[in-house]
Undergrad: 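My questions all concern the structure below.
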Number of protein chains: 2
Amino acid sequence: MAARPANPRLAHDIIEAAASLVEERGPEGITMRLVADRIGYSPTTIYLYFKNKEHLLDETVNRAYDWFAEHLERAQTGASAPERLRQGAHAYLDWGLQNPGMYRLMFEWGYLGDISEEAIFARRASWRRTRNVIERGVEEGAFRSGLDSATAADTMWVGIHGLTSLALSGRMFGNPGVADPAVVHGRSHQLADALADSWEAAWRP
Amino acid sequence: MAARPANPRLAHDIIEAAASLVEERGPEGITMRLVADRIGYSPTTIYLYFKNKEHLLDETVNRAYDWFAEHLERAQTGASAPERLRQGAHAYLDWGLQNPGMYRLMFEWGYLGDISEEAIFARRASWRRTRNVIERGVEEGAFRSGLDSATAADTMWVGIHGLTSLALSGRMFGNPGVADPAVVHGRSHQLADALADSWEAAWRP
DNA sequence: GGTGGTACTTAACGGCGTTTACTGACGGTC
DNA sequence: GACCGTCAGTAAACGCCGTTAAGTACCACC
């Protein structure tokens, strides 16, 4: 955030405008001129607060990761680790289906720019939470003792991202076209169950 | 394909140029002017063969799906259905890692346009193959008898897409940044094993 | 009342996808 | 051999885009 002018409110408004436009028109539909129109300033004003379009979108994505993490946290209320894992997976999918434009911007849009170390750390918060839930599950004896929590968190994360991504893009090949949320949730159940089951203590030697 | 002019070779060359540019510069880096430069014609000539950029990319993607299907087919030589399933998953991942630009264009780029029914059918060929392998596995007794092959194929497909997608984008959160192929292949093993195992006959009542 | 800085705008640049109007070559017909 | 379509390809332009350079209006302060 360049933020030379002393108007912190405006920087916030620009991000909000960008976020709403991403949702309305998708990552490909957002332009600096549209953002400027929405806040009632000229396009060049945005460059007083953000170095360029990529930096503006980076900041917008940073805020979206916070909303996303909050959503996941609120959903994971279950008593057991496997249950919290399933709740997390379904909450992840729900957030993606409800914020398709932002989801695509966060997880599919181009390659990562020169974002700061701390921003990268913040973006990984929900992944760390998943890993912690799995670790807790190992401690509780719900998952087998040799389970590597980082690998397992990656696997869960990767599976549920794939489901969300294909559902949003209309490329769920068993049901091409715009995905029926009920079908997608069914897939989410099978995926989360299959992974959680394969990690459970009793199933492996 | 509009294809008014009687130069079928040129339509083919345009698609080849587009495909090579997608790989060199990614889906966001391809422009009609660059494609024209590469084939040695003016940009407007492309519009004699394709309605617009979206249709050109649609045709390019159609051809890429054929290469992709061939790659998967060649890899699935195993004797048992679970083995062919694992081979297919790893071949899928390999193709994505080796053709990152095209993979993103095929599976993440915007929403589907007005492509024909038969093109959609052709694009689903590899998914149907996966479903057939699972069906064969059920017949052979390797997978449990009540298993729904369409749901299972979706689940496998979704998981391996998620892995490929996150690996290509540098967003594998356990290992952020450009993904180490060895690590990604490890994740692929755990994912494919977890799913195949959860479907095996002996493991479920 | 001049001075300097701050917050913002106007105008422009080059590049994009796409369209309109054109050029030149070719084949048939009288 | 002169005329006339048709056909393949092009040049120029339009309205977008991200971004930059130059300018303007306003304010506090001496």
Side-chain angles (χ1 to χ4, degrees), chain A residues 1-22 24-61 101 104-105 109-115, chain B residues 1-22 24-61 101 104-105 109-115:
Chain A
M1 187 150 0
R4 206 75 50 80
N7 189 348
R9 173 83 210 193
L10 188 49
H12 175 266
D13 288 350
I14 292 170
I15 288 178
E16 289 247 310
S20 65
L21 278 168
V22 165
E24 287 168 32
R25 317 176 60 122
E28 51 271 312
I30 190 170
T31 76
M32 297 300 259
R33 284 168 167 87
L34 278 174
V35 174
D37 274 358
R38 180 145 306 188
I39 58 171
Y41 287 78
S42 77
T44 44
T45 297
I46 301 174
Y47 290 87
L48 301 175
Y49 293 85
F50 301 92
K51 188 180 157 200
N52 54 31
K53 184 181 181 181
E54 188 180 330
H55 276 71
L56 167 56
L57 293 184
D58 273 346
E59 297 283 345
T60 307
V61 163
R104 294 210 296 137
L105 183 61
W109 207 245
Y111 295 88
L112 283 343
D114 51 344
I115 54 178
Chain B
M1 188 152 353
R4 206 78 49 81
N7 189 349
R9 173 83 210 190
L10 189 47
H12 175 267
D13 288 350
I14 292 170
I15 289 178
E16 288 248 312
S20 66
L21 279 168
V22 165
E24 286 168 33
R25 318 175 60 122
E28 52 272 313
I30 190 172
T31 75
M32 297 298 262
R33 283 167 167 87
L34 278 174
V35 174
D37 275 358
R38 180 145 306 189
I39 58 170
Y41 286 79
S42 76
T44 43
T45 296
I46 300 175
Y47 289 86
L48 300 176
Y49 293 85
F50 302 92
K51 188 180 157 198
N52 53 33
K53 185 181 181 181
E54 188 180 330
H55 275 72
L56 166 57
L57 293 184
D58 274 346
E59 298 283 345
T60 308
V61 163
R104 294 209 297 134
L105 184 61
W109 206 245
Y111 294 88
L112 284 340
D114 52 343
I115 54 177

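Chain letters run A, B, ... following the sequence lines, proteins first, then strands; residues in each count from 1.
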Undergrad: Just how far is it from atom CG of B/Leu34 to atom CZ of B/Arg25, taken to the nearest 0.5 Å?
TA: 5.0 Å

Undergrad: Does this structure show an ion pair linking B/Arg104 with B/Glu28, if we count only N-O contacts that are shorter than 4.0 Å?
TA: yes

Undergrad: For A/Ile46 and C/dT9, give me the distance from atom CD1 to atom C1', rounded to whole Å.
TA: 13 Å

Undergrad: Go through B/Glu59 and B/Ile14 one step at a time and tell me if the side-chain contact (heavy atoms from CB on, under 4.5 Å) criterion holds.
TA: CA-CA 10 Å; B/Glu59 298 283 345; B/Ile14 292 170; over 6 Å; no

Undergrad: Would you classify A/Thr31 as touching base, sugar-phosphate or nothing, given that sugar-phosphate means primed atoms plus P, OP1 and OP2, and contacts are heavy atoms under 4.0 Å?
TA: sugar-phosphate

Undergrad: Run A/Asn7 and A/Tyr49 through side-chain contact (heavy atoms from CB on, under 4.5 Å) and show every step you take.
TA: CA-CA 9 Å; A/Asn7 189 348; A/Tyr49 293 85; 3.1 Å; yes

Undergrad: What parts of residues 32-40 of chain B reach DNA chain C, counting only heavy atoms under 4.0 Å away?
TA: B/Met32, B/Arg33

Undergrad: Going from CG on A/Leu21 to CG on A/Asp37, what distance comes out if it is rounded to the nearest 0.5 angstrom?
TA: 9.5 Å

Undergrad: Between B/His55 and B/Asp58, is there a side-chain donor-acceptor contact under 3.5 Å, judged purely by atom types and distance?
TA: no

Undergrad: How long is the line joining CD of B/Glu28 and P of C/dC16, in whole Å?
TA: 14 Å

Undergrad: Could you work out how much the helix from C/dG1-D/dC30 to C/dC30-D/dG1 bends, comparing the axis of its first five pairs with that of its last five, to 10°?
TA: 40°

Undergrad: Just verifying a value: how many Å separate B/Met32 CE and B/Asn52 CG, rounded to the nearest 0.5 Å?
TA: 7.0 Å

Undergrad: Verify the contact: side-chain N or O of B/Thr45 to OP1 or OP2 of D/dG9, cut-off strictly under 4.0 Å; return yes or no.
TA: no

Undergrad: Go through it in stages, so that I can follow the logic: the residues are A/Val61 and A/Trp109, the test is side-chain contact (heavy atoms from CB on, under 4.5 Å), and I'd like the CA-CA distance, side-chain angles, deciding distance and then a yes or no.
TA: CA-CA 10 Å; A/Val61 163; A/Trp109 207 245; over 6 Å; no

Undergrad: From B/Thr60 OG1 over to B/Phe50 CZ, what is the distance, rounded to the nearest 0.5 angstrom?
TA: 6.5 Å

Undergrad: Measuring from the side chain of A/Leu48 (C-beta onward, heavy atoms only), which nucleotide among C/dC8, D/dT10, C/dT18 has the closest atom?
TA: C/dC8

Undergrad: Can you pull every protein N or O that's under 3.5 Å from an N or O on nucleotides 20-29 of chain D?
TA:
none

Undergrad: Could you state the OH-C1' distance from B/Tyr49 to D/dC7, rounded to the nearest angstrom?
TA: 10 Å

Undergrad: Using side-chain heavy atoms (C-beta onward) and a distance below 4.5 Å, is B/Ile30 in contact with B/Leu57?
TA: yes

Undergrad: In whole angstroms, how far is the P atom of D/dC16 from the CZ atom of A/Arg25?
TA: 12 Å

Undergrad: Could you tell me how far apart B/Leu21 (CG) and C/dC16 (C1') are, to the nearest whole angstrom?
TA: 15 Å

Undergrad: Can you name the closest pair of heavy atoms from B/Ala18 and B/Val35 and give their distance?
TA: CA-CG2, 4.2 Å

Undergrad: Would you mind reading off the distance between A/Lys53 atom NZ and C/dC16 atom C1', rounded to a whole angstrom?
TA: 12 Å

